[in-house]
Amino acid sequence: MSDKTYTLTAPDGRSAELPAMSGTVGPDVVNIGSLYKQLGIFTYDPGFVSTGSCESEITFIDGNEGVLMYRGYPVEQLAEHSHFVEVCYLLLNGVLPTADELDQFTDSIRRHTMLNESLLRFYNGFHHDAHPMAMVSGVVGSMSAFYHDSTDITNPKHREIFAHRIIAKLPTIAAAAYKHSIGQPFIYPRNDLDYCSNILNMFFGVPAEPYQIDPIAAEALDLLFILHADHEQNCSTSTVRMAASSSANPYSAIAAGISALWGPAHGGANEAVLEMLEEIGDRKNIEKYVAKAKDKNDPFRLMGFGHRVYKNFDPRATIIREMCHKVLKNLGQTDSPLFELALELEQVALKDEYFIEKNLYPNVDFYSGIIYRALGIPTSMFTVMFAIGRAVGWVAHWDEMISEPGRRISRPRQLYTGSDKRDYAPIEKR
Ligand code: CMC
């Protein structure tokens, strides 16, 4: 709490004293919790443009400076020196692990990778062309019908098992969705492999022959997961918090987050970027598509551009762009027309008055799909990959919220603009 207060004066002269709160870094917030009691009014902020929905110690973003920190550590440092499983520990526990703590955590994540066989049978109920995000959200929601030993949200041990299960099993669930869509047998997880090598093996291995895991591909995936691991109160994380605020089953709250992530304004943008680049097809069409994006009468937007919080470069996009060069070179795919097109599109947009004036920069989704494509992951699976990385963020925020003393259900108010009171008319009189 800060010692500052803000005074809001109503047109009739009554006023409300609203205390300010200061975080570690970042702007103060005004606590409006008593506003309705004091003045009988609500605030109105569709899309939460100026609204902080909670207090959190997990992730900090400075959108003007292009800063992203997990538990105080700049994402650039984590991307360079850490690895995804260590970042998961950091996000969940607030501190970097000792060697022993990391060993124990890694072991637990490895040992929770298998799915109950009955869950695997669910996939047969999906048509082969079901979108993988539909399958993944359905199967994760169904986990609430299986793992009853981890749903007492007041028990810290249950919460820990739940967290580890989500992080460990999501790759298995994702790989099963992919295998179902291409009609191949499911590949079971291998606990002797590291997190990302196991994913590649489950995606691309087949029972008929051994599969050679490419360490460069595993490293690229690991980096993408670090960059996707958390992003404070984004749409899917807020959805998880909101759904779980009623003390709902935690697996179903994560399924709600997966559904929110799927939208093209959020995690679905990585799939939409690739589709857009393929539609643009050639550099000669870039101007036409940039003009379409600027045309208010055209619903087309430059996918992978713009962000609610970043009004400067998204630091994740900068790292991923660099990584594209490295991954394509290491995989021997230096001649990537899609990457060339993306680089050129970025340059054209960054010089365009419309994008400059509105502070529209490439976001995390602009380049990530190019790497997924280079690794052989199909476009329809891109948002699923995002979900695997973001799962730890959802779980960390869920745990933070559930552990909060005096936690209350999330229940926003509204500005009602429907009909005033009217009397029911019998059908013959309408
Ligand atoms: N192309 C063209 N114009 C855009 C774009 C874009 N990609 N993004 C925003 N604008 C314009 C928008 O039309 C509006 O113009 P005006 O002020 O004249 O009405 C202005 O910029 C502000 O946009 P907004 O929609 O009010 O901003 P927002 O904060 O509500 O939305 C956004 C943020 C990310 C949904 C939006 O920028 C967008 O739709 N981008 C494309 C989709 C995308 O890449 N999403 C991934 C986001 S990052 C990863 C994640 O969240 O998962």
Side-chain angles (χ1 to χ4, degrees), residues 45-53 59 61 63-64 66 68 75 133 137 224-241 256-277 279-280 286-321 342 345-372 379 382-394 397:
D45 184 19
F48 303 109
V49 178
S50 302
T51 298
S53 60
T59 288
I61 304 174
N64 294 324
L68 170 62
V75 75
M133 282 298 276
S137 127
L224 283 172
F225 290 157
I226 292 176
L227 299 176
H228 281 106
D230 193 40
H231 215 229
E232 51 119 303
Q233 308 312 320
N234 59 85
C235 174
S236 55
T237 303
S238 301
T239 301
V240 171
R241 278 184 178 261
I258 294 172
S259 304
L261 184 76
W262 191 3
H266 191 12
N270 55 13
E271 181 175 342
V273 168
L274 250 274
E275 283 162 0
M276 175 189 76
L277 290 174
E279 192 182 316
I280 296 174
I286 286 179
E287 296 291 347
K288 184 175 112 196
Y289 279 87
V290 169
K292 270 166 76 65
K294 297 190 299 187
D295 180 356
K296 287 285 157 222
N297 298 316
D298 190 326
F300 176 78
R301 281 188 169 199
L302 221 49
M303 299 313 287
F305 260 78
H307 197 275
R308 171 63 62 77
V309 184
Y310 293 117
K311 300 303 168 198
N312 197 327
F313 267 94
D314 178 337
R316 302 167 300 173
T318 312
I319 299 173
I320 296 179
R321 193 203 305 105
L345 178 58
E346 176 186 353
Q347 284 315 309
V348 173
L350 288 179
K351 287 190 199 113
D352 190 287
E353 208 39 55
Y354 172 96
F355 288 85
I356 295 170
E357 189 205 319
K358 294 185 192 302
N359 296 315
L360 299 171
Y361 291 89
N363 59 49
V364 68
D365 291 319
F366 192 65
Y367 287 109
S368 59
I370 291 170
I371 296 182
Y372 290 135
T379 315
F382 289 2
T383 313
V384 174
M385 304 312 288
F386 191 153
I388 296 175
R390 182 56 55 85
V392 62
W394 293 328
H397 282 271

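In listed order, ligands and their atoms are each counted from 1.
- The backbone N or O of P362 lies less than 3.5 Å from no partner atom in the side chain of D314, so there is not a single donor-acceptor pair.
- Remark: I320 CD1 to N270 CG distance equals 9.5 Å, nearest 0.5 Å.
- For a threshold of 3.5 Å applied to N or O pairs, the pair formed by A265 and ligand 1 contains at least one separation below that value.
- Taking only non-hydrogen atoms, the option from A293, G267, P46, P299 nearest to atom 2 (C) of ligand 1 is A293.
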Chi angles and distances behind the side chain to side chain donor-acceptor pair (under 3.5 Å) call for W262, S137
CA-CA 9 Å; W262 191 3; S137 127; over 6 Å; no
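- With K296, H231, H307, R316 as candidates, the residue nearest to atom 14 (C) of ligand 1 on a non-hydrogen basis is K296.
- Remark: atom 22 (C) of ligand 1 lies closer than 4.0 Å to no protein heavy atom.
- In terms of protein heavy atoms, atom 34 (C) of ligand 1 is closest to G306 O, 3.6 Å.
- The closest side-chain heavy-atom distance from F300 to M276 is below 4.5 Å.
- The closest approach between N234 and ligand 1 stays at or above 4.0 Å for every heavy atom of the residue.
- You'll find the side chain of V392 stays beyond 4.5 Å of the side chain of F225, heavy atoms only.
- Every atom of ligand 1 is numbered from 1 in the order shown, and the set under 4.0 Å from a heavy atom of D365 is 46 (C), 48 (S), 49 (C), 50 (C), 52 (O).
- Around atom 43 (C) of ligand 1, the closest heavy atom drawn from A317, A349, A260, A269 belongs to A269.
- Atom 41 (C) of ligand 1 has as its closest protein heavy atom F305 O, 3.4 Å.
- For Y361 and F305, the ring centers sit 6.0 Å or farther from each other.
- Geometrically, K358 does not engage F355 in a cation-pi contact defined by less than 6.0 Å to the ring centre and at most 45° from the axis.
- For atom 1 (N) of ligand 1, the nearest protein heavy atom (residue, atom name, distance) is L302 N, 3.1 Å.
- Within the 4.0 Å cut-off (strictly below), no protein heavy atom is located near atom 26 (O) of ligand 1.
- At least one donor-acceptor pair under 3.5 Å links the side chain of R308 to the backbone N or O of G47.
- Panel note: side chain S238, backbone Q233; a donor-acceptor pair is recorded below 3.5 Å.
- Looking at G304 next to ligand 1, an N or O pair under 3.5 Å apart turns up.
- If you number the atoms of ligand 1 from 1 as listed, the ones under 4.0 Å from a heavy atom of F386 come out as 52 (O).
- Between Y310 and H231, the ring centre distance stays below 6.0 Å.
- Proximity annotation for atom 24 (P) of ligand 1: of R308, K358, K294, R301, R301 comes nearest, heavy atoms only.
- At least one donor-acceptor pair closer than 3.5 Å links the side chain of R390 to the backbone N or O of H228.
- Taking atom 10 (N) of ligand 1 as the reference point, the nearest protein heavy-atom neighbour is L360 CD1, 3.7 Å.
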Should T59 and D230 be marked as a side chain to side chain donor-acceptor pair (under 3.5 Å) after you check the CA-CA gap, both sets of side-chain angles, and the distance that decides it?
CA-CA 7 Å; T59 288; D230 193 40; 2.6 Å; yes
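- In this structure, the protein non-hydrogen atom closest to atom 42 (C) of ligand 1 is M303 CE, 3.4 Å.
- For a threshold of 3.5 Å applied to N or O pairs, the pair formed by V364 and ligand 1 contains no separation below that value.
- For F355, no nitrogen or oxygen atom sits less than 3.5 Å from a nitrogen or oxygen atom of ligand 1, counting backbone and side chain alike.
- One N or O on the side chain of N363 and one on the backbone of G306 form a donor-acceptor pair closer than 3.5 Å.
- Considering backbone and side-chain N/O atoms, Y354 comes within less than 3.5 Å of an N/O atom of ligand 1.
- Regarding atom 52 (O) of ligand 1, its nearest protein heavy-atom neighbour is H266 ND1, 2.6 Å.
- At a heavy-atom cutoff of 4.0 Å, ligand 1 is contacted by the backbone of P264 but not by its side chain.
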